[in-house]
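Quick caveat: nothing in here was measured; it's all calculated off a predicted structure. Both ligands and their constituent atoms are indexed starting at 1 by order of listing.
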Amino acid sequence: MRKVLLLPVVLLILMLSSCSSPKGQPEVITLKQIGQQLELLDENTIKVQAEEPLTARGEKRVVPRTINKDGSLAVVPAGDWTSGFYPGVLWYMYELTGEEEWKDKAIKYTAILEEQMYNGSNHDVGFRMFCSYGNALRLTGDESHIPVLEQSAKTLIARYYENVGCIRSWDFNQERWQCPVIIDNMMNLELLFWAFEQTGDQVYYDIAFAHALTTLNNHFRPDNSSVHVVDYDTITGDVRQKNTHQGYADGSSWARGQAWGLYGYTMTYRLTDHINFLKQAEKIAGFLLEHPNMPDDLVPYWDFDAPGIPDEPRDVSAAAIMASALYELCSYSENGAYYKEKADKIMESLGTTYASAPGENYGFILGHSVGAKPFESEVDVPMNYADYYFLEAISRKEKLDNNSYY
Ligand code: GLY
């Protein structure tokens, strides 16, 4: 169990200021300012919980996700796919500052998700539980979290289709898809590799490995971009169709999907040592970093093929996921220095141009993410997962710069 890093705040401020932009440019957001933002987010969330406790469907509002179209703070139920990111943000703040206040809040919001260990309505149990309970276990060593994570892994593998070699992502749109698998699903494998390490039960490893291999074979195009949704025949395991859901078109490259792939294959390489997964991560990094439509500040448009580029919204969440992934990839790859430099550049952009001004955005750290542009849903707004991967990237960068990363 890795111990909590009780790092002096001053060290982190120095770390962040090492990314600071040239004179005359805005300064990079400091850890102190991030803390102030998150205090505000906590207050605003508690207000919504008190004043508007239930959603239209009668579910309890618990976790801040984004800002609604009407300008109000969106506080979502525990079953929302993003519910694990807020507790995860609080855990990273505890890791980065060592302050008990963040730990207390993190414990509170993690506990709210306990019942989600049985929520097998989609693949997102991995996101919900590993970002919350996974970080709780990592940072506290509290063994009461182990059965919750084990049950979450059991829930996830119940969605595995042997004939396909993949975990089914979604159950909606059944008139269109039989077994839709989205590139995002790579992110859920970390929970399964953890379950294998914890229990010794090979089934978790085998399912995670098979999913990564099947995805590698079917999701990627010759230019190393990935399709968003691959739909499989549940009987034959054949690919039925390749589509998008949140991207511009079936044949386009949805930015967050590319970032999920980069992170997913980097993490899967760490947990399997399988060289093809490392190679895939490097290929994805190449696609992203060398793409002609990648802006100089390395914060991508929401889709690399969006028709109105350069007048299209950026997706900060994709950039934050990329930065965190590149900080891991640089430890494994011969191109490490290049990936590190690019990750540092992304962090500089996020921490300056895309960071909320003090008191802005209800306290979310970053603005300017895109949830689902084809539905005009959550366009150019903060998203809790952008904040999560931004903080994870700060933590990874800090460890990397001190030679203590992993
Ligand atoms: N996993 C859902 C999304 O990235 O929007």
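Salt-bridge check for Asp297 with Arg314: passed, with a basic side-chain N closer than 4.0 Å to an acidic carboxylate O. For the pair Asp80 and Arg65, the salt-bridge criterion is met [side-chain N within less than 4.0 Å of a carboxylate O]. Remark: Lys47 does not engage Asp42 in a salt bridge, criterion side-chain N to carboxylate O under 4.0 Å.
Considering only residues two or more places apart in sequence or on other chains, Tyr263 meets the ring pair (Phe, Tyr, Trp, His ring centres under 6.0 Å) condition with Tyr389. Not counting sequence neighbours, the partners of Phe172 by the ring pair (Phe, Tyr, Trp, His ring centres under 6.0 Å) test are Trp170, His245.
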If you look only at distance, which donor and acceptor atoms sit under 3.5 Å apart when one is on a side chain in residues 277-292 and the other is two or more places apart or in another chain?
residue : atom : partner : partner atom : Å
Glu282  : OE2  : Ser333  : OG           : 2.7
His291  : ND1  : Asn293  : N            : 2.9

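Residues lining ligand 1 at a heavy-atom distance below 4.0 Å are given as Trp81, Asp184, Gln246, Trp254, Arg256, Trp260, ordered by chain and residue number.
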